[in-house]
2 protein chains.
Amino acid sequence: MATRARPGEREDALSRARIVEAAIEMLDGGNELTFRALAAQLRTGPGAIYWHVANKGELLAAAADAVIGEPQPVTDDPALTIRTAALEVFDAIDAHPWAGEQLARLSSQPTVLRIFERIGRQVQALGVAEAEQFTAASALLNYVLGVAGQHAAQARSVEPGTRRSDVLRAASTNLDPDRFPFIRDVAGQLREHDDRVQFLAGIDLILEGIRSRLPDGR
Amino acid sequence: MATRARPGEREDALSRARIVEAAIEMLDGGNELTFRALAAQLRTGPGAIYWHVANKGELLAAAADAVIGEPQPVTDDPALTIRTAALEVFDAIDAHPWAGEQLARLSSQPTVLRIFERIGRQVQALGVAEAEQFTAASALLNYVLGVAGQHAAQARSVEPGTRRSDVLRAASTNLDPDRFPFIRDVAGQLREHDDRVQFLAGIDLILEGIRSRLPDGR
DNA sequence: ACCTGAACACCGTTCAAGT
DNA sequence: ACCTGAACACCGTTCAAGT
């Protein structure tokens, strides 16, 4: 049996890490995650995976968690750190849209809590009053998760690389302009648009809301 | 055959409206939407449904759309209208968490575009500069969709009626306090918390960010 | 302890056949 | 035009049996 073993690639035993890695590869390839296909890829039976992973949901969560990554070091500018953290998440879901879908449908899972923690600490560093910290951090988190979900939805429905503004412009063409005047207007304005820049603009807007409530100025 | 026909309830022919209605009933009951179960409920075969609905995704989208509802009349206070519109969405996803999941994973679908349009028009009415309108409306929309997804995720994983703050407090107990100091802090502060009030506080925070950029003062 | 793969209990969807 | 329901091509998950 000619198993094409690439040089330096030992035929490791099955492990949670290898399973998650193979799952990520599969999802990144645009394929649906299936225990049968995954087992075939790992040259084993579907039952073997269940020794290392409880079920499909856990595997998807683990794959998303692996792809979101560990936090970057903080800077001494809390707002900058928040922007950086948010962009990290954006870049991760941009590279792995399926992870964006997971993020949006996971609640209080380690991955989301880690993002929340990271944002929350910087909210504290900004000097937000105790009573407002939860609101501020939640607003940022929910915005990020909302974008994650929309980004994933788009990746599913259009060709990769299509910008949100293009989708919106296309959608607005099919819309009754009398019922959707705003979308018509705004779609026209959106000539040059970068989803990443747009995402950051939203973060900055929320940060401005947070700042305007700060006890002392800035 | 004793079909228990309630008085005044004619045994209508199958229709898209009846199918969507039955689907909503099924989802509200906490059951998974299945073509077989739905067909049984409608006393027909699964194939019959396909004459009126293209596939499961379309049916879920139609059910979510039906449940989000038509916009309320606008007031002459744009901020108030935005708050009202946001609360309408929150109340709908609170009553039908499965619809929240759909919202979060649908992009540029009529339902989401309708919410976006509603928000966007009020953003214009607030006097936001043209170049900022898309950012402002997107920030609000993505926040709403993020909450929708989280709310749905929670409804799936805990008993109905559990508040986000309780989930967070429970989660924080299992968390390493050294790695999650913020969540630990904030979970402690969250004694009396209403998810609906909390949701609105986030909307107000973003609105404040929008206002702080207004050309003229308020 | 870990792996195998057949088997179980489902799915969404199609389609020939009916009315 | 609309409905029926068997059939197709899958799923996730379990579990007896192996090593």
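Reminder, nothing fancy here: chain letters follow the sequence lines and each chain counts from 1.
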Given C:dC3, D:dC3, D:dG5, the nucleotide with the shortest approach to the side chain of B:Ala48: D:dC3
B:Trp51 vs D:dC3: side-chain N/O to OP1/OP2 distance below 4.0 Å: no
Within the 6.0 Å centroid threshold, strictly below: B:His151 and B:Phe90: yes
Sidechain N-carboxylate O distance under 4.0 Å for B:Arg83, B:Asp204: yes
Touch class at under 4.0 angstrom, heavy-atom based, for A:Leu33 against every strand present: sugar-phosphate
Nearest-Å distance for atom pair NZ/C1', residues B:Lys56 and D:dC10: 14 Å
Atom pair distance, as rounded to whole Å: CD1 in A:Ile19 and C1' in C:dC3: 11 Å
Toward the 5' end of DNA chain D, by each residue's nearest nucleotide, B:Gly47 or A:Gly57: B:Gly47
Nucleotide forming a Watson-Crick or wobble pair with C:dT19, both distances under 3.5 Å: D:dA1
Nearest-angstrom distance from the residue atom CZ of B:Arg16 to P of D:dA1: 19 Å
A:Thr34 side chain, from C-beta outward: closest of C:dC3, D:dG12, D:dT13: D:dG12
5' precedence on DNA chain D between B:Ile49 and A:Glu32 (nearest-nucleotide basis): B:Ile49
Nearest-neighbour nucleotide for the A:Phe35 side chain, D:dC11, D:dT13, D:dC3 considered: D:dT13
B:Glu58 with B:Arg16: basic N within carboxylate O range, under 4.0 Å: yes
Sidechain N-carboxylate O distance under 4.0 Å for B:Arg105, B:Glu101: no
d(CD, B:Glu58; P, C:dT13) in whole Å: 11 Å
Among D:dC3, C:dT14, C:dG5, the one nearest B:Tyr50 by side-chain distance: C:dT14
For atom CG of A:Asn31 and atom P of D:dC11, their distance in whole Å: 11 Å
Aromatic contact, A:Phe116 with B:Phe180 (centres under 6.0 Å): no
Atom-to-atom span, CG of B:Leu38 to P of C:dC11 - whole angstrom: 12 Å
B:Arg36 side-chain proximity, nearest of C:dT13, C:dC3, D:dG12: C:dT13
Distance, rounded to the nearest Å, where A:His52 contributes NE2 and C:dC2 contributes P: 6 Å
Identified pairing partner of D:dA7, criterion: Watson-Crick or G-U wobble below 3.5 Å: C:dT13
